[in-house]
J.: 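Structure in structure tokens, see below.
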Amino acid sequence: FTVALLERNHEGLRMGPRHIPLSAAFMNGTVEGDDVWIPMECILGGQERCGFGWHMFVECLAEGRGVSLPAGSIGIARSVACGVGAYARVRKQFRVPIAEFGGIQEAMALSGSDGLIAVAGGDLMNAIVDNHEAPMVVSSIMKQNCTERGRRILERGMDIAAGSAICRGEKNYLGNAYMSVPIGITVEGANIMTRSFQIIGQGLTRCHPHMLELILSLQVPDTASKKEMDEAQQKFIKQLKLVVQHGATNFGRSVVRGVGSTFSTMTRSKKAYKNGDDLLAHHEKQLLRLSANFALTADLCFTLGGKLKFEELLMGRLADALGAIFLGYSTLHHYSRRRGIDGLEAVTEHAMLRLEKEGQDALKEAADNFPGPLGGVASVVMKLGCFPMGGFTRPYRSPNDSLTKEVSKLLTTPSEVRDMFQENLFVTKEGDEKIHQISDLIRALPVCCEADRIAATIRREKRDPTPNEADVIAEADALRDVLIQVDVFEHATKEEASEGYVRPALAGTIDRLSNADRKSFAA
């Protein structure tokens, strides 16, 4: 097809009725036309680009879905880290900030590391696009992985904010995002299709160093000359040997790296991540191991032939593994660029441990459920290559509790990590009377933290606060009282505000009571 750009009032063109996707400001609707004459100068690229519409569409999609859709998740990550992180310190239960509760700490730490992954992936994807590249597979990974993480971040933020997140009004900074987050996810058949078909379906052949040439050698037409047929045959034999050699090399790398990374992981100190050089070296080694495991698995997938495109469960698991590897490298790239931010090592470690476990678990499930007539053989080869010593060579574990608490504290107290998440986040000017809950929470956080520190000190020293300390505590209490409030309305709708309005449920109750034998509930 061909792409043309027309004015809104172009003759014969009708802007049809609008869709309303979850009440979001998302321009979506129908465009219709009858006998529309399109001048040649309206065609994008001019006459020589007629028929290139699909190429343009795919190229724009490759860039757009990897930038615009993850951007929404990055915005969510920044809002939850700064807004909900501050709220968890401001809000108290049983005279204790809820940020000190283990369940809240777990949710905040997961949101923080997911947020770092989304920010890191977005930075790397933007750099790729700025370099005038349009990577189809990487953009699919970014779309599926980041929008899914954005949804999880928002769900945890809603859980932490609780009642203040479900009451609509100007003070609710999560509700609208929670309602609209599925919009980005539904693009291209939702993340289900992106994960279980597009990522591996597009990438497996294109990314293999020899498979594409092998396939092209088989596509020589029957009408080709004898010389062309001989050349194609020689090319096929050469590429087939290279494919076999590539698989054998991947098997060897997978075994060696698997054993080596297992021992390095098991002997590593829990505090080793505090040294930035050790952090980068260790996790790069783990990603190299997972990359070799994935490459071996990809080679084994060719035993399925054309039936691979129907094995969506397998492709979904491989997409999880590939996504974890790419985002792992993105996270390390982000750390190497932003190194020097106090506390970034802890959040990076938390994110990398989770990504490595995600990749390991995805490959394990793929090995356990490898399909096809040769699935049993492929499963055995994959397990020998990826996990040569069984469970012993599956060393990756979720972050421990002490690391979880450290990451949570970085997000719920003033820190350079919070400042990093606050970059590009809109904050109103101090003194602005307009309600902007995130801005008010951010400004209240240092005061509330100082008040908590003073309260802990005077309890420990068993004394009364000084006048200055009492003022700080009073200011924090006043801020807390304001910031935990939710919006209230005299009437939920304009219809309710009209004179004589009776709610339908009450009107029905009155009718039923008037027709009942018993007119009163009195004894």
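Quantities reported herein were computed from a predicted structural model and do not represent experimental measurements.
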J.: Does the side-chain contact (heavy atoms from CB on, under 4.5 Å) test come out yes or no for Y273 and T348, once each step is laid out?
T.: CA-CA 9 Å; Y273 66 88; T348 302; over 6 Å; no
J.: Applying side-chain contact (heavy atoms from CB on, under 4.5 Å) to M142 and L327, what does each step give before you reach the verdict?
T.: CA-CA 8 Å; M142 284 295 297; L327 290 172; 4.1 Å; yes
J.: The criterion is ring-ring contact (aromatic ring centres under 6.0 Å, His included); which residues satisfy it with H246, sequence neighbours excluded?
T.: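 Scan of H246 (ring-ring contact (aromatic ring centres under 6.0 Å, His included), adjacent residues dropped) gives H208, H210.
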J.: Which pairs pass side chain to side chain donor-acceptor pair (under 3.5 Å) with one or both residues in residues 119-129, sequence neighbours excluded?
T.: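 Applying side chain to side chain donor-acceptor pair (under 3.5 Å) to every pair that reaches into residues 119-129, excluding sequence neighbours, yields nothing.
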J.: Could you walk me through whether E358 and R317 pass salt bridge (charged side-chain N to carboxylate O under 4.0 Å, His left out), step by step?
T.: CA-CA 10 Å; E358 287 175 18; R317 292 174 181 125; over 6 Å; no
J.: Compare all side-chain heavy atoms of M15 with those of V31 and state whether any distance is below 4.5 angstrom.
T.: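 SC-SC contact between M15 and V31 confirmed.
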J.: Taking only residues two or more places apart in sequence or in another chain, which ones pass ring-ring contact (aromatic ring centres under 6.0 Å, His included) with F392?
T.: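 Scan of F392 (ring-ring contact (aromatic ring centres under 6.0 Å, His included), adjacent residues dropped) gives F263.
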J.: Do the non-hydrogen side-chain atoms of L384 and F251 ever get within less than 4.5 Å of each other?
T.: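 Yes, side chains in contact.
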J.: Decide yes or no for L110 and R354: does some side-chain heavy atom of the first lie under 4.5 Å from some side-chain heavy atom of the second?
T.: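 Yes, close enough: below the 4.5 Å cut-off.
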J.: Could you tell me which residues satisfy ring-ring contact (aromatic ring centres under 6.0 Å, His included) with F1, sequence neighbours excluded, listed by chain and number?
T.: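 So F1 forms no ring-ring contact (aromatic ring centres under 6.0 Å, His included) with any residue.
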J.: Using only heavy-atom distances, determine whether the side chains of N9 and E7 contain a donor-acceptor pair under 3.5 Å.
T.: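 Looking only at side-chain atoms, E7 and N9 do not form any donor-acceptor pair under 3.5 Å.
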J.: Quick one: side chain to side chain contact (heavy atoms under 4.5 Å, CB included) partners of M193, sequence neighbours excluded?
T.: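 With neighbours one apart ignored, the set is F197, Q198.
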J.: In terms of heavy-atom contacts, does NE2 of H19 have more than 12 from other residues, nucleotides or ligands at under 6.0 Å?
T.: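 Counting other residues, nucleotides and ligands, NE2 of H19 exceeds 12 neighbours.
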J.: Would you give the length of the straight line joining atom SG of C82 to atom CE of M420, rounded to the nearest 0.5 angstrom?
T.: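 Reported value, rounded in 0.5 Å steps: 9.0 Å.
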J.: Which one of S330, P135, P70 satisfies the side chain to side chain contact (heavy atoms under 4.5 Å, CB included) criterion with M125?
T.: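 Answer after filtering S330, P135, P70: P135.
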J.: Show me the pairs that pass salt bridge (Lys or Arg N to Asp or Glu O under 4.0 Å) and involve residues 273-286, at least two apart or across chains.
T.: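 For residues 273-286, and leaving out neighbouring residues, the salt bridge (Lys or Arg N to Asp or Glu O under 4.0 Å) pairs sorted by first residue read K274-E406, D277-R339.
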J.: Around atom CZ of R18, are there more than 12 heavy atoms from other residues, nucleotides or ligands closer than 6.0 Å?
T.: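 Enclosed: over 12 neighbouring heavy atoms sit under 6.0 Å from CZ of R18.
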J.: When you compare the side chain of C301 with that of L314, does any pair of heavy atoms fall below 4.5 Å?
T.: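 When only atoms from C-beta onward are counted, C301 and L314 do touch, with a gap below 4.5 Å.
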J.: Only counting residues at least two apart or in another chain, list the ones meeting side chain to side chain contact (heavy atoms under 4.5 Å, CB included) with I38.
T.: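 In terms of side chain to side chain contact (heavy atoms under 4.5 Å, CB included), with neighbours along the sequence ignored, I38 is linked to A4, L6, V36, C42.
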J.: For side-chain contact (heavy atoms from CB on, under 4.5 Å), just list the numbers for E416 and L344, CA-CA rounded to whole Å, side-chain angles, deciding distance to a tenth of an Å, and then say yes or no.
T.: CA-CA 8 Å; E416 292 183 16; L344 185 57; over 6 Å; no
J.: Check whether the side chains of R149 and S73 place a donor and an acceptor atom closer than 3.5 Å, and report yes or no.
T.: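 Judged by distance alone, the side chains do not pair up.
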J.: Does T404 form a side chain to side chain donor-acceptor pair (under 3.5 Å) with Q105? I'd like the steps, not just the answer.
T.: CA-CA 7 Å; T404 293; Q105 291 171 340; over 6 Å; no
J.: Taking it one step at a time, do H334 and V119 satisfy side-chain contact (heavy atoms from CB on, under 4.5 Å)?
T.: CA-CA 8 Å; H334 178 272; V119 169; 4.1 Å; yes
J.: List in chain and number order the residues that pass side chain to side chain contact (heavy atoms under 4.5 Å, CB included) with Y178, two or more places apart in sequence or in another chain; answer none if no residue qualifies.
T.: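 Y178 satisfies side chain to side chain contact (heavy atoms under 4.5 Å, CB included) with L154, E155, M158 only.
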J.: Can you list the residues that meet the side chain to side chain contact (heavy atoms under 4.5 Å, CB included) rule with I183, with sequence neighbours excluded?
T.: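 With sequence neighbours excluded, I183 shows a side chain to side chain contact (heavy atoms under 4.5 Å, CB included) to P21, L22, A24, F26, S180, given in chain and number order.
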J.: If you measure from the Lys or Arg side-chain nitrogens to the Asp or Glu carboxylate oxygens, is any gap between R338 and E423 under 4.0 Å?
T.: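 Looking at R338 and E423, the cut-off is met.
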J.: Under 3.5 Å, side-chain donor or acceptor atoms of residues 45-52 against the rest of the protein: list the pairs with distances, not counting sequence neighbours.
T.:
none

J.: How many angstroms lie between atom CG of L410 and atom NE2 of H350, to the nearest 0.5 angstrom?
T.: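 Going from CG on L410 over to NE2 on H350, the span is 11.0 Å.
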J.: Out of curiosity, I76 CD1 to T147 OG1, how far, rounded to the nearest 0.5 Å?
T.: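 Between atom CD1 of I76 and atom OG1 of T147 there are 9.5 Å.
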J.: In the structure I gave you, are the side-chain heavy atoms of E356 and M352 within less than 4.5 Å of one another anywhere?
T.: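 Yes, at least one pair of side-chain atoms sits under 4.5 Å.
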J.: Classify the side-chain pair K357/S398 by whether it contains a donor and acceptor separated by less than 3.5 Å.
T.: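 Looking only at side-chain atoms, S398 and K357 do not form any donor-acceptor pair under 3.5 Å.
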J.: List in chain and number order the residues that pass side-chain hydrogen bond (donor to acceptor under 3.5 Å, both in side chains) with S402, two or more places apart in sequence or in another chain; answer none if no residue qualifies.
T.: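 Counting only residues at least two positions away or on another chain, S402 forms a side-chain hydrogen bond (donor to acceptor under 3.5 Å, both in side chains) with N400.
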J.: Tell me whether the NZ or CZ atom of R394 lies within the 45° cone about the ring axis of F387 and under 6.0 Å from its centre.
T.: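 Pair R394/F387 counts as cation-pi.
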J.: Nearest 0.5 angstrom please: L318 CG to I199 CD1, how far?
T.: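 The distance works out to 10.5 Å.
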J.: Tell me whether E106 at atom CD has more than 12 heavy atoms from other residues, nucleotides or ligands lying less than 6.0 Å away.
T.: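 No, not enclosed.
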J.: Rounded at 0.5 Å granularity, tell me how far CD1 in I104 sits from OG in S408.
T.: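 Those atoms lie 8.5 Å apart.
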J.: Ignoring hydrogens and geometry beyond distance, is a side-chain donor-acceptor pair present between T265 and Q286 at under 3.5 Å?
T.: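 Checked: T265/Q286 side chains pair up, N/O donor to acceptor below 3.5 Å.
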J.: If you define the side chain from C-beta out and look only at heavy atoms, does anything of M108 sit under 4.5 Å from V407?
T.: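 No, their side chains stay 4.5 Å or more apart.
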J.: Would a 4.5 Å heavy-atom cut-off, applied to side chains only, mark Y396 and L290 as touching?
T.: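 Yes, side chains in contact.
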J.: Hey, is CD1 on I237 packed in by over 12 heavy atoms from elsewhere, all under 6.0 Å?
T.: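 Result for CD1/I237: enclosed.
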J.: If you look only at pairs with a residue in residues 370-393, which of them pass as a side chain to side chain donor-acceptor pair (under 3.5 Å), with sequence neighbours excluded?
T.: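 Listed by first then second residue: D368-K383.
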J.: State plainly whether the residues K405 and D401 are in salt-bridge range, i.e. N to O under 4.0 Å.
T.: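 No, this pair does not count.
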J.: Please tell me if the side chains of I43 and V3 come closer than 4.5 Å, counting only heavy atoms from C-beta onward.
T.: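 SC-SC contact between I43 and V3 ruled out.
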